[in-house]
Structure formats: C-alpha cells, structure tokens
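Numbered from 1 within each chain, the chains take letters A, B, ... in sequence-line order. Reckoned from all heavy atoms, side chains included, excluding hydrogens, waters and symmetry mates.
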Amino acid sequence: MRVRFAPSPTGHLHIGGARTALFNYLLARKHKGTFILRIEDTDEDRSTAESTKSIFESMLWLGLNWDEGAMPDGMEKGSCGPYVQSVREAQGIYRKYADQLLREGKAFLCYCSPEELDESRKKALVEKRDPLYDGRCRSLTEDQRKAFEAQGRKPVARFLMSKEGSVGWTDLVHKEMKFENKVLSDFVMLKASGYPTYNFACVVDDHLMEITHVVRGDDHISNTPLQLHLYAALGWKAPELGHLSMILGPDGTRLSKRHGAASVGEYRRQGYLPETMKNYLALLGWSNPESQQLFKKGELEEKFDLKGCQKSPAIFDPVKLDWMNGEYIRLLPKEDFLALALPFVKESGLDISAGRVPLIDIVALEQEKCKLLAELPAKVEFFFKDPVYSPEAVAKTLKNPEVPQVIKGIKEVYSALPEFKEAPIEAATRAFAKSGGLKAGQVFHPVRVALSGRSDGPTLFRMIEYLGKEESLKRLDKALTLI
RNA sequence: GCCCCCAUCGUCUAGCGGUUAGGACGCUGCCCUUUCAAGGCAGAGAUCAGGGGUUCGAAUCCCCUUGGGGGCGCCA
C-alpha cells in the first residue's frame, strides 16, 4: 500500500488537512505501507516556501513522519521523486502526458482568455444555465488557431470530455458513486503558463508515484470523475479512492479562521499536546466499534481502519479537545510536563528566578488541574510574585468575622514553627483550628486566600511550604490590611 | 440553475432486520476532599430529520420531502 498526503503550500496546515494527513499516515502504518508527502505547489501565485516549511513543522510536531517525499532539509527521500510539483513541471513531466493526449485527440487547445470565460460563466449563471465550458475551441480550424496565435494568445490544454455515458467508482468510504459525463466539463489540464492544474498533476503524480490508495477530503468528490477520465485516457489503472467527511465549525459551516484557531500551529501555541491533537483528530470522522476515546501511543496505528470512517461531516468540539488535553497532560511524567510548560512560562514573562523552590516542584503541583499549557503561568505566578487578590475570593472568605483572629493566630503559629514543612504546617494548622473551636475549613480557606489571593489552588500545606516561612508571614500581614 | 454527498442524545459516535438504542465530551446530583481539579457513583438528555413503502418485524432496506454540506476556476 502506498498512500500520500499532498498539501498545497498556500498557508499553514489546517485542521482538515491535518486530519487527512493523519488518516493517510495511520493507513500506511496499519498496513505496513508507505506514506508519501508530495508538495502541490502548482498555484504559482499563492504557493510559498514559508508555507511548505510550516506544513513540515506541523506534520513533524504531530508525529506524522513520512517515508518518502520532500523533506524539511530540502532533500528528498524515495525513488519516485521529485516530490515537488513545480520541480516536476520543470522536468517536463506534465507536458509530456498532455502532449500525448493532444496528439491522440483526447485533449485540445483552447484559446479563450480568462476574461472571456469568466464572462460566459457569469452570463450562464444569470440565465440560470449550467456554467460549464461551452466547448467553443473544441474544433478550431488551422486558420482559426493561427489567428489566435497571431493575437498573441497562449492556449491552455483542455481534456475532451465525452458527453455521453458516465463514470463511477466504489468509494472506500461512500461505496458506489456515479457521475453522468454530461455534467462534466472540458477541464483545463495545462494552464497557459504551462503549469498543470490540480486535477492533471494529481493524476499524473499519483500514477507515477505508484499510489495505491487516495484518501482525501469530501470536497474532492466532484474532481474524482474528471480524474477517472484522465486515468482512462492515459491507459492507467486508477487507485482506490476514499473521501473523508468534512470538519465543520460549531455553527455547522466549514471550519475556518472565523471559528478561532484553524491551523495546527495555533493549537500548538495554545498549549495543546501533539498526542491530544492526533487522538482528537482521529475521532473526527472515525471510530472503532468500541467507541474507544483515548488511545495509547501506537494504538491508533494498530486500530485504524477505513471501515470506521464516517460519511457525515463532524463538528469540531473545542470543549472535548480541552478535556482530552487534560487527560494527556496528566499522563506526562513531571519532568516532561515541566519541559513542555517552560516555554509557556517564559513566554508569559514571569520571573521565576525569585522562586526558592525548583520550578518543577511548583509546576507539578498544578499538573493535574492543567488543561492547557498556556494557562499554567497564571496558575503558578503567585509563587513568584505578590498575589493578586481576587475580589470574589476576598469577599467570600476574608470577610467572615472570625478571619482577622484566624490570620493573626495562624501567623503566630507559623512563626513559631521550627520546621517549615508540609506535615508540621498541617499539624499545627489543624491544632490551631481545634484549639480555637473552629472547623478546619474556617482556617484553611482564609489562609489560602491570604497567601495566594485565590480560593482555588494546589494542596494547601505543600503550597505553604513552597512559599516559605518568611514570605508566608509577609502575605498574612498583607492580607490583614485587606479585611 | 445543474451535479454530488450527508442525516442516531447539544457535540463526537456504536448500531449494520428483532437492543431497556450503547459509549465519550458536556450538563445535574451525590461521594471523596482544605479549595480547585482528578477520581467514584447516580441521573437527565435521541418519538433514530419528516412522510411513504418493503417486511411478521425497521434507526438499520427502497422512494419522496426537508434540512445541512460540497462542487460547477488557467485554486487546490
């Protein structure tokens, strides 16, 4: 089995593209096949090297390693290259096959200008007719052609579409599919610039690269009949074809920037783990009979199956994504969590040099509550700088009548503690509550707010230990002034 | 205007002629607990888009309607 992911480098790797790449990758791994990455940069205006770089980065981040294709270092891997279409174009690969079809009368040159075409398309739409190419250049005489050439017109090569019959295929996801040829157009294979169009380049390359299974988005369904005609005209066997359902935004329309983050890079920057993205994306449009949600490393590669692919579109659910990220964060060894969190801490500008306890210990305190790496700095910042007292927390717990006495009392207790460690702090705090006839919570809550400014946070006595005696006493004093 | 695809809890989905329509996220309640999470337990939530068939029997098969999505580029 040879599968490929063939992005066009006109932007970052989007969620939909990533899902397509993932499914192809999983398919290859599952069947011990080959996963190929081909760059489809035939859009001369919009393709950029930065996009290619960005796509590579996202692929690698997600762990979607490819076996053949264009590589980030500019080199290539595999024997079916080049894997970049602009490079292939320069080698005349597409021209060769276009010429063949032209020679065989299966294609023809069309001299219509984009403007003329555009106009007749608009007119057709206004008159509520099909905006298909009308075939006006199908049978130009030699004189007409010469006249066009004399005008300096550059022709495009169009495929001569049959108006009778139909094309069909058994889709890997949708089963039987069929299109009447009469709704198909004499599509362009080679642009006036000599560059191939998507439909043409795709077929030529998939064949030459010996792709056995093409798995792509639903939005390509209507391209498929055109490509099937190309395979037939070229005398090639078409690969197996599968079309994945689209990923939609919460409003039911195609997922895009309008819905917030739409590219893999943006999710990365927000602090989602690659494992999360991979797992979550796998569940959009695919499931196994057990409805399994979480997959261990390597498990998707084992269990993925085209049979589990959904025909209907899926709405991207950021809430479930967050849940899943929390699951993966909790799974992390604390060293790994620290390593992952560090860039976010640095990014936040938090000065951690002031800490008297290693960052790893502080960060470990919050790991189990963390859903997004980006939210970690805000959770731990009170360890490194004066707490920001939340008005709600102050109003809720610091305004109780017994609080001043509690804070003053606990301050004395803490300053008298010989060993400022979690266990003794807890013991002393509980003893203090008991002696004052207070419930534990009546002491714990105000102390927490006084020290951290918040009513939620890490396990209390460990937190106090990490804050240290001096700082804790200082904050207790500060809190007194707020009451 | 034409073509194509799709349709099970709010969301992701299981189901593939006979099920109390299952799971997950989210939601509610309880338990645990110093808080917040996490975890455990319980629960609400789907007349399987609607209407016709086929069948002893339909979420499952067929048709129509409706709704949603995609396409009809010298974009991919």
Side-chain angles (χ1 to χ4, degrees), chain A residues 6-8 10 40-47 110 112-114 117-118 121 124-133 154-158 171 174 177-180 182-185 187-193 195-199 201-202 216-225 243 245-246 248 250 252-254 280 283-294 308 310-324 326-327 330 366 368-371 379 393 397 426 429-430 433 439-445 447-449 452 454-461 463:
Chain A
S8 67
T10 54
E40 305 211 326
D41 59 344
T42 55
D43 184 330
E44 298 151 278
D45 298 327
R46 296 191 301 148
S47 297
C110 168
C112 297
S113 69
L117 260 12
D118 200 43
R121 213 170 0 244
L125 251 10
V126 168
E127 293 170 5
K128 303 207 184 290
R129 288 183 292 111
D130 285 358
L132 289 184
Y133 172 73
K154 290 268 181 243
V156 299
R158 286 183 183 273
D171 195 272
H174 294 267
M177 302 282 271
K178 194 176 133 188
F179 282 79
E180 296 296 326
K182 62 172 182 258
V183 306
L184 272 21
S185 67
F187 63 95
V188 174
M189 306 186 313
L190 284 190
K191 310 176 192 180
S193 66
Y195 257 57
T197 59
Y198 161 74
N199 280 311
C202 177
R216 76 234 298 193
D218 248 356
D219 48 341
H220 284 298
I221 285 183
S222 48
N223 285 320
T224 305
H243 293 89
S245 59
M246 300 277 86
L248 311 178
T253 64
R254 215 173 152 149
Y280 182 72
L283 256 25
L284 277 186
W286 176 80
S287 66
N288 65 1
E290 292 77 42
S291 268
Q292 183 178 347
Q293 303 296 311
L294 268 8
Q310 196 76 9
K311 291 192 280 191
S312 49
I315 292 173
F316 189 91
D317 180 9
V319 178
K320 183 164 180 178
L321 214 218
D322 285 352
W323 161 75
M324 195 175 277
E327 291 286 328
R330 265 172 252 123
E366 293 286 359
E368 60 178 13
K369 315 177 200 302
C370 194
K371 278 193 157 78
K379 284 187 188 295
T397 68
E426 174 163 7
T429 309
R430 287 189 187 279
K439 287 199 287 191
Q442 287 178 287
V443 178
F444 295 172
H445 298 318
V447 169
R448 172 183 296 285
V449 174
S452 71
R454 308 191 327 223
S455 54
D456 65 303
T459 180
L460 185 60
F461 306 105
M463 175 187 114

Between B:A24, B:C12, B:C74, which nucleotide has the shortest distance from any of its atoms to the side chain of A:L283? B:C12
Looking only at side-chain atoms of A:W323, point me to the closest of B:G26, B:A76, B:C75. B:G26
Residues two or more places apart in sequence or in another chain: which of them pass side-chain hydrogen bond (donor to acceptor under 3.5 Å, both in side chains) with A:T224? A:R216, A:H243
Write down the distance separating the C1' atoms in B:A38 and B:C25, rounded off to the nearest Å. 16 Å
Minimum-distance nucleotide to A:T253 side chain [options: B:A24, B:G69, B:C12]: B:G69
Does any N or O donor sit under 3.5 Å from an N or O acceptor when you compare the side chain of A:N223 with the base of B:A76? yes
A:Q442 near the nucleic acid: base, sugar-phosphate alone, or nothing, with a heavy-atom cut-off under 4.0 Å? nothing
Grab the two heavy atoms, one from A:M324 and one from A:Q293, that are nearest each other, plus how far apart they are. CE-O, 3.9 Å
Rounded to whole angstrom, note down the P distance from B:G43 over to B:C48. 23 Å
Is the phosphate of B:C75 approached by A:K191 (side-chain N or O, under 4.0 Å from OP1 or OP2)? yes
Base of B:G22 paired with side chain of A:S291 (donor-acceptor, under 3.5 Å): yes
If you only use heavy atoms from C-beta on, which nucleotide in B:C4, B:C12, B:U34 is closest to the side chain of A:F179? B:C4
For A:H220, what residues pass the ring pair (Phe, Tyr, Trp, His ring centres under 6.0 Å) criterion, not counting sequence neighbours? A:Y198
For B:U8 and B:C3, measure between their C1' atoms and round to the nearest Å. 28 Å
Side-chain contact check for A:R254: nearest option of B:G70, B:G1, B:A76 is B:G70
For B:A7 versus B:C63, give the span between their P atoms, rounded off to a whole number of Å. 14 Å
Applying ring pair (Phe, Tyr, Trp, His ring centres under 6.0 Å), name anything that partners A:F187, two or more places apart in sequence or on another chain. A:F159
From the list B:A14, B:U34, B:C74, which nucleotide is the closest neighbour of the side chain of A:H445? B:U34
From the candidates B:G23, B:U35, B:G26, the one with an atom nearest any side-chain atom of A:V319 is B:G26
B:C74, B:U11, B:C36: which one has an atom nearest the side-chain heavy atoms of A:K369? B:C36
Close N/O contacts between protein and nucleotides 5-7 of chain B (under 3.5 Å):
residue: B:C5; atom: O3'; partner: A:H174; partner atom: ND1; Å: 3.1
residue: B:C6; atom: OP1; partner: A:H174; partner atom: ND1; Å: 3.4

Could you work out the separation of B:C2 and B:C64 based on their P atoms and round it to a whole Å? 15 Å
Out of B:U11, B:A76, B:A24, which has the shortest distance to the side chain of A:K320? B:A24
Sidechain-backbone polar pair: A:Q292 side chain, A:L294 backbone, donor-acceptor under 3.5 Å: yes
Checking the side chain of A:K191 only, and the main-chain atoms of A:T42 only, is there a donor and an acceptor separated by less than 3.5 Å? yes
Quick one: which of B:A76, B:C72, B:U35 gets closest to the side chain of A:D43? B:A76
Please check the phosphate of B:C36 (OP1 and OP2 only) for any side-chain N or O of A:R448 closer than 4.0 Å. no
Who pairs with A:Y133 by ring pair (Phe, Tyr, Trp, His ring centres under 6.0 Å), at least two apart in sequence or on another chain? none
Give a yes or no on whether a salt bridge exists between A:R254 and A:D219, defined as a side-chain N under 4.0 angstrom from a carboxylate O. yes
When the C1' atoms of B:G45 and B:U20 are considered, how many whole Å apart are they? 16 Å
Is any side-chain N or O of A:T397 under 3.5 Å from a base N or O of B:U35, one able to act as donor and the other as acceptor? no
Check the phosphate of B:C74 against A:R121, side-chain N and O only, distance under 4.0 Å to OP1 or OP2. Yes or no? yes
Quick check on B:G70: is either OP1 or OP2 less than 4.0 Å from any side-chain nitrogen or oxygen of A:S222? no
Atom C1', compared across B:A59 and B:A49: separation rounded to whole Å: 12 Å
Listed by chain and number, what are the side-chain hydrogen bond (donor to acceptor under 3.5 Å, both in side chains) partners of A:S193, not counting sequence neighbours? A:E44
